[in-house]
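A short write-up of the structure that comes next.
Hydrogens, waters and symmetry mates play no part in the numbers below; they use all other heavy atoms, side chains included. Chain identifiers are assigned alphabetically (A, B, ...) following the order of the sequence lines, protein sequences preceding nucleic acid strands; residue numbering begins at 1 within each chain. These numbers come from a predicted model, not from an experiment.
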Amino acid sequence: MEYLGSLILIALGAALINNFVLYYFVGICPFLGVSRRVDMAFGMGCAVTFVISIAAFLSWVFTTFILRPGAPLSNWIWSLVNPGSDTVVDLSILNYLVYIFVIASSVQFVEMYVRKFHPPLYKSFGIFLPLITTNCAILFACLEIMKHVSGVPPAQMWDLGRALTLAIFGGIGFTLAIVLMAGMREELDLCDVPKALRGAGITLIVAGILAMAFMGFTGMDQSLSGLLTG
Amino acid sequence: MTEAATAAGPVDSGPTAGERFINGILPENPIYRQLLGMCPTLAVTGGMQPAMTMTGGVLFVLVCANVIVSLIRGLLKPHLRILVFTLTIATFVTIVDRFLAAYMYQMSKQLGPYVPLIIVNCLIISRCEVCASKQSVRVALADAVGQSIGFGLALASIASVREILGSGTWFGMRVLPAAWPEWVIMVLPPGAFITLGLLMGLVNWYVDRRQPSRR
């Protein structure tokens, strides 16, 4: 029950309270670029949620077993090379390189897989896939997971379930924000906006008002954690 | 993004080093004109100090990445290009991140994930793609410095508005009287979006007024 409660808190935190786009400002480029129509925004959101889950899974595995200080696999290899040594192997300086490699290659594989086995799906969101490599939201999810895995006491370390919850609900929060934005921009097309503000300017101002609405969720996690732990 | 940027920057003849340097500052300002690198722009502009630290980081990474990419431009394979760019950038970002953690620990804590997020900053990847992978080292260097200065000026303008209105200070020095009611929303996320939106409108209006034929 306590574990389930922590999952619910992580999920709500990632999707609503600290929404990736509207609180942490990650994934702004697609948020401004692909939010003209609701169906395209939804496709982009789904693609991001999909890739973010794969990247989070892989980066959790790499961080836990190879990269973090004292990771089992790298320590085992070190002890094979230098028997009897009790050095703690710390590869965390390679974190960013490994994450970006993981993201780029998983995007590449997902693209190849979807193109080969699901051609209609590829037609609908295939064009967004290459763009996702440079989407900050994915790297951001990996970094959040790293913060809770690398260099923390074993008792507080996140397991795979928590890492995946953060990633999936982060992706859902991104989808929610981008679809809401697209809905508003479809209406904005009919409005008389001052010439200088047309395009990105008015979109950013509307996003600011949307972020203000999302601020209303602040504090929900505290009251909820009180409720869950009794 | 990429198509538009490629169309704007000619491949071979193109602007000279000096023109590219000037272009980066206002006519092709990365934030206001090209809409690149929005993530740190919004996230670290709550105050001048984090904004300027971020500018320093971006300057270092962009200059180093542009020079390295320009040096190896003959070896790049088309399908592995983006991966090579990101790995080059990631190496330099790791250097910046370790440097900040060692010498400016408080600032490193405050910037948090936004330092590693420089890796996926579209500004740097787009400059590598549009300029450095096709031009000589000298041109790439001028381009990187110009774009970084443009980025820094944009960040400074947003951070000034937000810090002065939000906490009545500038670079941590008090500029408005203590009686100023702190406009907290300006320091919070919504203030970032609204400030950037309004400033972007202002820049567009100014550029349109000076060059009426541009649109």
Contact part of A:I28 toward chain B, heavy-atom cut-off under 4.5 Å: side chain, backbone, both or neither?
-> side chain
Pick one of side chain, backbone, both or neither for A:L32, based on which atoms fall under 4.5 Å of a heavy atom in chain B.
-> side chain
Find out whether B:L188 and A:M212 are in side-chain contact, i.e. whether some heavy atom of one side chain is under 4.5 Å from a heavy atom of the other.
-> no
Option in B:G37, B:A90, B:P116, B:G112 with maximal non-hydrogen atom pairs under 4.5 Å from chain A = B:P116
With respect to chain B, which residue among A:T203, A:I209, A:I93, A:V26 yields the maximal number of heavy-atom pairs within a distance under 4.5 Å?
-> A:I93
side-chain contact (heavy atoms from CB on, under 4.5 Å) between B:L83 and A:F101: does it pass, once the steps are laid out?
-> CA-CA 8 Å; B:L83 189 62; A:F101 201 77; 3.9 Å; yes
Between A:G208 and B:P190, the two heavy atoms sitting closest are O-CB, 3.4 Å
What's the verdict on side-chain contact (heavy atoms from CB on, under 4.5 Å) for B:N204 and A:K195, showing C-alpha distance, side-chain angles and the deciding distance?
-> CA-CA 9 Å; B:N204 282 346; A:K195 192 173 162 237; over 6 Å; no
Part of A:Y24 lying under 4.5 Å from any heavy atom of chain B | both
Toward chain A, the part of B:Y114 with a non-hydrogen atom under 4.5 Å = side chain
Got a sec: does the OH of A:Y23 have more than 12 other heavy atoms crowding it under 6.0 Å?
-> no
Got a second to check how far B:R98's CZ is from A:S92's OG, nearest 0.5 Å?
-> 6.5 Å
Tabulate, in ascending numerical order, the residues of residues 172-190 of chain A having at least one heavy atom closer than 4.5 Å to a heavy atom of chain B, or enter 'none'.
-> none
Of B:T91, B:T94, B:D97, the one forming a side chain to side chain donor-acceptor pair (under 3.5 Å) with A:Y96 is B:D97
When rounded to the nearest 0.5 angstrom, what distance separates CD1 in A:I100 from CD1 in B:I82?
-> 11.0 Å
Student check: side-chain heavy atoms of B:I119 and A:L139 closer than 4.5 Å | yes
A:F109, CZ atom: more than 12 neighbouring heavy atoms under 6.0 Å = no
Looking only at heavy atoms, which two atoms of A:A196 and B:G201 are closest? And how far apart?
-> CB-O, 3.3 Å
Heavy atoms only, distances under 4.5 angstrom: which of B:V203, B:I89, B:L196 has the most pairs with chain A? Name it, please.
-> B:L196
Min side-chain heavy-atom separation B:L117-A:L143 under 4.5 Å = yes
Option in B:V93, B:L199, B:I185 with maximal non-hydrogen atom pairs under 4.5 Å from chain A | B:I185
On the 0 to 90° scale, with breaks at 30° and 60°, tag the A:F31-B:F193 ring pair as parallel, tilted or perpendicular.
-> tilted
With only heavy atoms counted, which part of A:M215 is less than 4.5 Å from chain B, the side chain, the backbone, both or neither?
-> side chain
Roughly how far, to the nearest 0.5 Å, is CG of A:L197 from CE of B:M200?
-> 10.0 Å
Heavy atoms from other residues, nucleotides or ligands near CZ of A:F42 exceed 12 (cutoff 6.0 Å) = no
